[in-house]
Amino acid sequence: MLANSLNRGFRGSFITILVIYLLILILSIFIKDPSEHYYFPNLFYNFLTAQINSGAVNFIMNHVLLLTGITIVSYIVSNEEIVDKLNYFPVLIFMLINATALSSEDISLMLLSNVAILYSVYKIFNIYRQENVLSYIYNACFWISVTLYLNISNIFIVPFLFVTLIILRPFYWREFAIALLGFISPIFIYECLSYLFNFNQWYIFESLHELFQHFRAPVFSTHFLPFFGLILLLFVLSLLSFLSQGFGNTVKKQKAKSCFLWYIVLVSPSVFTSGINYANTLLLFSIPLAFLSGEFFFNLKSTRWSNVLLTLTIAALFYYLFRKIELT
């Protein structure tokens with residue numbers, strides 16, 4: 001059964017995840033219409049996409065990014081002990097949500113951002129009960145800061161790193177100073193280069209001003225609502241499950257869930273970023289939703305209900321991908 005194969009670790013889950021991925025891969029070949037439209041400069045991302053005019057390259061790059069994200073999630077599951085090591089539901093849910101961004105029209109900004117954010121999440125969770133953590137903190141904050149040049153909306157993720165630092169560690173002023181230094185470093189490097197070469201100086205500050213001036217409600221598609229509704233349902237069920245059964249059987253699992261809930265709260269304002277659409281609304285939360293919903297599935301005692309919910313979620317994704325093909 002589908003649910004049984006995802007709670008047996010990497011070996012038990014590999015075939016199931018591979019089969020679903022291959023089905024997604026085949027469908028994505030026929031998707032030409034991009035699901036993302038942005039109204040902000042997104043400096044490095046726009047520069048990157050301007051250099052690539054090949055649909056085949058875009059298609060390959062998007063799948064490389066998706067597979068990289070899947071690999072990092074798998075690595076976090078196996079090594080960070082924030083969920084059970086046999087629990088590969090987060091990998092599947094992350095893959096399903098991020099599959100909505102696949103297209104051969106351009107490289108997905110959300111996939112690119114999520115890979116960098118996942119790497120930062122992995123680094124920041126490494127600091128729990130470790131002694132020499134300054135390099136982990138610096139790298140996590142550095143790469144989140146770098147993503148601001150890909151997607152200025154990621155500014156809402158910056159507080160998450162400081163909140164996570166507070167949750168996972170006792171207060172040490174050096175660690176917070178290093179976190180601030182990691183965040184400032186890419187901005188300082190860019191501003192120095194822009195001054196020397198006379199291009200786009202003060203980009204971050206001008207983009208932030210534009211970002212906060214143009215907030216509006218996201219646009220939703222009826223074709224996306226079934227998948228969106230099911231993912232939202234899984235999140236609500238996860239919260240109810242945690243409230244009734246607790247946040248986990250270890251301190252690190254409990255702290256990790258608290259961090260992911262803070263992630264959702266802090267990133268929520270970016271839903272109203274000008275130009276964001278229905279698919280990106282869900283992609284913003286794909287990392288915490290994958291781990292929280294994955295933990296819910298793993299702890300769900302009824303295999304029948306697990307299979308029903310998973311099957312409906314996968315079917316809703318394929319329905320959305322088919323509709324995207326028809327609209328291409």
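All values derive from a computational prediction rather than experimental measurement.
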Take Phe227 and Tyr320 through the test ring-ring contact (aromatic ring centres under 6.0 Å, His included) and record every step on the way to the result. CA-CA 8 Å; Phe227 183 66; Tyr320 170 66; 7.4 Å; no
Step by step, work out the side chain to side chain contact (heavy atoms under 4.5 Å, CB included) result for Leu111 and Asn114. CA-CA 5 Å; Leu111 285 175; Asn114 280 343; 5.5 Å; no
Verify side chain to side chain contact (heavy atoms under 4.5 Å, CB included) between Asn154 and Ile157, making sure each step is shown before the conclusion. CA-CA 5 Å; Asn154 288 339; Ile157 298 174; 3.7 Å; yes
Please step through side chain to side chain contact (heavy atoms under 4.5 Å, CB included) for the pair Ile166 and Phe171, ending with a clear verdict. CA-CA 7 Å; Ile166 293 170; Phe171 177 80; 6.0 Å; no
Side chain to side chain contact (heavy atoms under 4.5 Å, CB included) for Ile204 and Ile152? Distances and angles first, verdict last. CA-CA 8 Å; Ile204 285 289; Ile152 192 63; 4.1 Å; yes
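If you look at Tyr122 and Tyr75, their ring centroids are closer than 6.0 Å. Two rings, from Tyr190 and Tyr149, have their centers less than 6.0 Å apart. Checked against the 6.0 Å centroid threshold, His223 and Phe322 do not count as a close aromatic pair. The aromatic ring centroids of Tyr136 and Tyr128 lie 6.0 Å or more from each other.
One finds the CG atom of Leu148 at 5.5 Å from the CZ atom of Phe183 (value rounded to the nearest 0.5 Å). Here the CG-CE distance, from Leu66 to Met61, works out to 12.5 Å after rounding to the nearest 0.5 Å. The NZ atom of Lys252 lies 12.0 Å from the NZ atom of Lys257; values are rounded to the nearest 0.5 Å. One distance of note links CG of Asn58 with OG of Ser104; it measures 7.0 Å at 0.5 Å rounding. Atom CZ of Phe89 is separated from atom CG of Leu234 by 11.0 Å, given to the nearest 0.5 angstrom. Residue Ile187 holds its CD1 atom at 11.0 Å from CH2 of Trp202, rounded to the nearest 0.5 Å.
Shown are Phe260, Tyr119, Phe160; of these, the ring-ring contact (aromatic ring centres under 6.0 Å, His included) with Phe125 is made only by Phe260.
A pairwise comparison of heavy atoms in Phe318 and Leu27 identifies CD2-CD1, 3.5 Å as the closest pair. Taking every heavy atom of both residues into account, Ala101 and Ser108 meet most closely at CB-OG, 3.3 Å. Contact record, Ser185 with Tyr138: OG-OH, 3.0 Å, taken as the closest heavy-atom pair. Ser28 and Phe59 get closest at one heavy-atom pair: OG-CE1, 3.3 Å. Nearest approach of Ile82 to Lys253, heavy atoms of both residues: O-CG, 3.5 Å. Closest heavy-atom contact between Asn87 and Val77: O-CG1, 3.1 Å.
Looking at Phe94 and Leu289, their side chains never come closer than 4.5 Å, going by heavy atoms from C-beta outward. Looking only at side-chain heavy atoms (C-beta outward), Ser268 and Phe285 come within less than 4.5 Å of each other. Using a 4.5 Å cut-off on side-chain heavy atoms (C-beta onward), Ser238 and Ser293 make contact. Ile93 has its side chain out of reach of Phe291: every pair of non-hydrogen atoms, C-beta onward, lies at least 4.5 Å apart. Within the 4.5 Å cutoff, side-chain heavy atoms of Leu292 are placed close to those of Phe242. You'll find the side chain of Leu6 reaches within 4.5 Å of the side chain of Ile17, heavy atoms only. With contacts defined as side-chain heavy-atom distances shorter than 4.5 Å, the pair Leu321/Phe30 does not qualify. Side chains of Ile127 and Ile124 form a contact here, defined as non-hydrogen atoms less than 4.5 Å apart.
Remark: the backbone N or O of Ser103 is paired with a side-chain donor or acceptor of Asn62 at under 3.5 angstrom. Not a single donor-acceptor pair under 3.5 Å links the side chain of Thr100 to the backbone N or O of Leu96. Remark: side-chain polar atoms of Ser113 are not paired, donor with acceptor, to backbone N or O of Met110 under 3.5 angstrom. Between the side chain of Asn307 and the backbone N or O of Thr303, at least one donor-acceptor pair lies under 3.5 Å.
One hydrophobic cluster, built from ILVMFWY side chains closer than 4.5 Å, cannot hold both Leu240 and Phe297; they sit in different ones. Leu161 and Val265 fall into different hydrophobic clusters, where Ile, Leu, Val, Met, Phe, Trp and Tyr side chains are chained together by heavy-atom contacts under 4.5 Å. Residues Leu208 and Leu266 share a hydrophobic cluster, clusters being chains of Ile/Leu/Val/Met/Phe/Trp/Tyr side chains in contact below 4.5 Å. Linking ILVMFWY side-chain heavy atoms closer than 4.5 Å, directly or via other members, places Leu67 and Leu112 in a single hydrophobic cluster. Connection of Leu165 to Tyr172 is not established within any shared hydrophobic cluster, with ILVMFWY side chains joined at heavy-atom distances below 4.5 Å, either directly or through further cluster members.
Residue pairs meeting the side-chain hydrogen bond (donor to acceptor under 3.5 Å, both in side chains) criterion with at least one member in residues 160-170, sequence neighbours excluded: Arg169-Glu175. Residue pairs meeting the salt bridge (charged side-chain N to carboxylate O under 4.0 Å, His left out) criterion with at least one partner in residues 135-160, sequence neighbours excluded, do not occur; the list is empty.
The side-chain hydrogen bond (donor to acceptor under 3.5 Å, both in side chains) check on Ser78 picks up Tyr88, with sequence neighbours excluded.
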